[in-house]
Amino acid sequence: MDSRKPGMTAVVGGGAAGIATVKALIEAGVPVLGIERADALGGLWRLDDGTAAYDGLHLNTSKPRTQFSDFPMPSHWPDYPTRAQMLEYLLAYAGRFGVGDRFRFGTTLESARRSGDGWELVLDGPGGRGHETVEHLVVANGHNHVPRYPDPPYNGSFTGTQSHAHGYVTPAEFAGKRVLVVGTGNSAMDIAAELTGHASAVLLSARRGVWVVPKRLLGRPSDQLNGALAALLPWRVRQVIAQTMLRVADRKPAGPRLPAPRQGLLQDHPTLSDSVPALVAAGKVLARNGISRLDGSRVHFTDGRVDEVDHIIWCTGYRAVVPFLDADTVADPARLLLYRHVLPVGETSLSYVGLMQSTGSALPVVEAQGRLVAALRAGRYRPPGPEAASKVASAELANARARWGERRPHMRIDIDEYLRIMRKELRSSPGRSSPGRSSPGRGLAGRRILVTGAAGTFGRAMSERFVGAGAHVVGLDVVRPEDAGVPIITCDITSQTSVDAAVEEAVALLGGVDALVNNAGRGGPAPAELAPDEEVDAQLRLNLVGAWRVTAALMPHLVRARGRVVFIASRMAVLPLPLAAAYGVSKRALAAYADALRLEVGTHVGVTTIYPSMVRSPIHDSTRRAGLSLDAVSRPEPVEGVVDAVVGALTARRAPRDVATTARGRVEMMLARHAPRLADRLVRRTVAARIAAGDFAEAPLAAGMVRRHRAGPDSS
């Protein structure tokens, strides 16, 4: 791959697609310029003359199926958030990752022309008209701006008033009118339901039947059930199961109904509504067939029915346009053949994000597409050659036609299948960096990290790596060496008063906290057969309770930041060794605390437990002085491997649950969990060999165990 630093990338559009792409480019370290004609971010979720939003707009996909992967929606929000909540979410996401700082607002891209290997942009903004040259152009301007009307138009003429759903804001403006809503998409259903109680009559014209899905099935948001099935089954099997579930759950009241769909579920975007079927059955929304012709104030329908109408609202969708590109570059955006719906075949300086129609939410899709663009620009991803890319894109188009027919097949995607493909695409790219030490730290730039035990062996190594990757680091420790390399706040984490004061100071220094690495720990000899002494108490208070105190104190900040917590446990948490019971017990308890924490805050905070083996550090000195060295039991590993594991946990798309730091550690973890008797036998055999070799002869704390081994299992 080309190792030179990438030039400027321009992203056109400040909606969800543009926000997600700019965020991904920032994290990849790629220079980026965002261009947005409005005065703020938010795209179609803003109430503005240029957007399709209206007061009563709600999401038609549930929170878990809508949110970005690293920024969960608040748990107290409803399953289907409102337009205002969606806008709040996008702005919070953009603010969290510094997206707005990269945008020029109130700026229109008048034209983009190829210039050498890049693009010459003509921009019209607050300072007048200007020019910019960029290396790569990302088209993320959305496709819900230009209303689409029936083409060809219906025969006849209409003397009443007409509008498109794009201009709809509130039902009050239609008070006392007979209103015909044309269409069966989510906007048509929402608007028809809102008009009841305001308009004197509401008619809903459906040219073809559509599946109307309730918001909840079997006690869960309905799209979550399809998502669960999508992980296991092809869409045709899911279709049969989903249709059967809908028929079983169908409790629509007796009375008129909307036309039955001609195609199966999942072969068009289903409409989500709890209210419209009931309103149709009650006669509050009058179901009509498709329009055949217009005649003054009367509308004729294909079944012969005729109705007087004052106003028609056309909910007939939008045309995809890219007005700043010439026809030679893109004649019809809705008919572009794109590799993975992002990259024009054989093109390296132009990409598209959000030019698709998904069976689910757009947000996870544009997040994946933005990451693909960022990986391409950063040199970590290389698409296949033109011939291979064209073959893949053509095969996907053929599959789309088989499923959706000629209704925009170039843009159609099945969200679950598509996201699986995109994850695999980035993992398997020949340009992707290897996961070893050649690429640790990517994604840490700008992160605010608090490290406990920052003056120790692990703490120093981690802090150095974090800072080198562009993170901001503050440490907590009982000592504050001059050569620490990062600010260290003196703190006894076993004291709540000390923790509260130190956390407050750390948050002030960092301006918030995105990640906590619980690294502080204490080891030492402590046989399980002896009564617990001060050493046992000290290890339990530091290794478990101290980590608990710091984590709890930081939790409000971590939830706000949708952050990460990493606990440094030990392989002794899963594969205990004798004579160090306090350490093993405290680390096992720490892992149990991490599991409990994950269940409570895992919707907002990623929680990972790391299980290192033995690293040569002062933590083993007291055990060695007591004649109980682990040197002959554990194979030492380099500290860099542990740091790599922590960095990997902090930068992974989803926080991993449990991470061993070596291949041997993974085997030990597997044995301990799935073959505990075998694991115990291996440990006992190792200990017996050490006793036979006289390794514990001068260790008073091991005297009881040595005596029993020499006496044999049958001795009393």
Side-chain angles (χ1 to χ4, degrees), residues 6-53 86-147 166 318-327 329-330 333 342 349-355 362-363 366 369-370 373-374 377:
M8 181 65 72
T9 296
V11 177
V12 187
I19 291 170
T21 304
V22 170
K23 183 256 190 183
L25 289 164
I26 290 172
E27 290 191 333
V30 177
V32 57
L33 166 64
I35 302 168
E36 171 54 46
R37 63 182 179 180
D39 294 329
L41 297 172
L44 63 83
W45 298 99
R46 297 170 55 253
L47 277 180
D48 186 275
D49 290 342
T51 71
M86 187 64 186
L87 178 60
E88 177 187 341
Y89 173 76
L90 286 175
L91 295 180
Y93 179 81
R96 166 65 186 80
F97 296 107
V99 170
D101 298 338
R102 308 300 179 98
F103 268 88
R104 291 187 193 174
F105 295 104
T107 300
T108 300
L109 176 57
E110 297 290 349
S111 67
R113 298 288 183 269
R114 295 187 186 275
S115 175
D117 293 332
W119 295 86
E120 179 76 20
L121 310 182
V122 178
L123 302 171
D124 189 4
R129 180 161 292 208
H131 295 258
E132 291 281 351
T133 301
V134 300
E135 198 170 81
H136 190 97
L137 180 64
V138 182
V139 179
N141 64 320
H143 52 87
N144 289 320
H145 299 295
V146 180
H166 185 78
Y318 296 84
R319 290 194 300 112
V321 297
V322 185
F324 44 85
L325 292 177
D326 57 40
T329 303
V330 52
V342 176
S349 66
L350 177 66
S351 56
Y352 295 82
V353 173
L355 187 63
L363 267 65
V366 298
Q369 293 179 336
V373 171
R377 297 294 296 130

Validation row: [X], [Y] side chains within 4.5 angstrom (heavy atoms):
X    : Y    : answer
Q369 : L355 : no
V330 : V139 : no
R377 : E135 : yes
T329 : L350 : yes
L33  : R104 : yes

Listed partners of A38 passing side chain to side chain contact (heavy atoms under 4.5 Å, CB included), at least two apart: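 If we apply the side chain to side chain contact (heavy atoms under 4.5 Å, CB included) test to A38, skipping adjacent residues, the hits are E36, R46.
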
Could you work out, with side chain to side chain contact (heavy atoms under 4.5 Å, CB included) as the rule, every residue matching T108, not counting sequence neighbours?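 Here the qualifying residues are R37, E110.
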
Partners passing ring pair (Phe, Tyr, Trp, His ring centres under 6.0 Å) against Y352 (at least two apart in sequence or in another chain):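 Listed in chain order: nothing, the list is empty.
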
Using the test ring pair (Phe, Tyr, Trp, His ring centres under 6.0 Å), find all partners of H166 that sit at least two apart in sequence or belong to another chain.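 Only Y318 meet the ring pair (Phe, Tyr, Trp, His ring centres under 6.0 Å) criterion with H166.
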
Atom pair [atom1]/[atom2] of [X] and [Y] - distance to nearest 0.5 Å:
X    : Y    : atom1 : atom2 : value
R102 : I26  : CZ    : CD1   : 4.0 Å
L137 : L109 : CG    : CG    : 7.0 Å
W119 : L325 : CH2   : CG    : 5.5 Å

Which heavy-atom pair separates [X] from [Y] by the least distance, and what is that distance?
X    : Y    : result
V138 : V373 : CG2-CG1, 3.9 Å
A10  : L121 : CB-CD1, 3.8 Å
S351 : H136 : OG-NE2, 2.9 Å
T107 : I35  : O-CG2, 3.6 Å
L90  : A16  : CD2-CB, 4.1 Å
N141 : V321 : ND2-O, 3.1 Å

Give me each pair satisfying salt bridge (charged side-chain N to carboxylate O under 4.0 Å, His left out) with a member in residues 112-123, each pair once, sequence neighbours excluded.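 Residue pairs passing salt bridge (charged side-chain N to carboxylate O under 4.0 Å, His left out), neighbours aside: R114-E347.
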
For residues 93-114, which residue pairs qualify under ring pair (Phe, Tyr, Trp, His ring centres under 6.0 Å), counting only residues two or more places apart or in two chains?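 Non-adjacent pairs meeting ring pair (Phe, Tyr, Trp, His ring centres under 6.0 Å): F68-Y93, F71-Y93, Y93-F97, F103-F105.
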
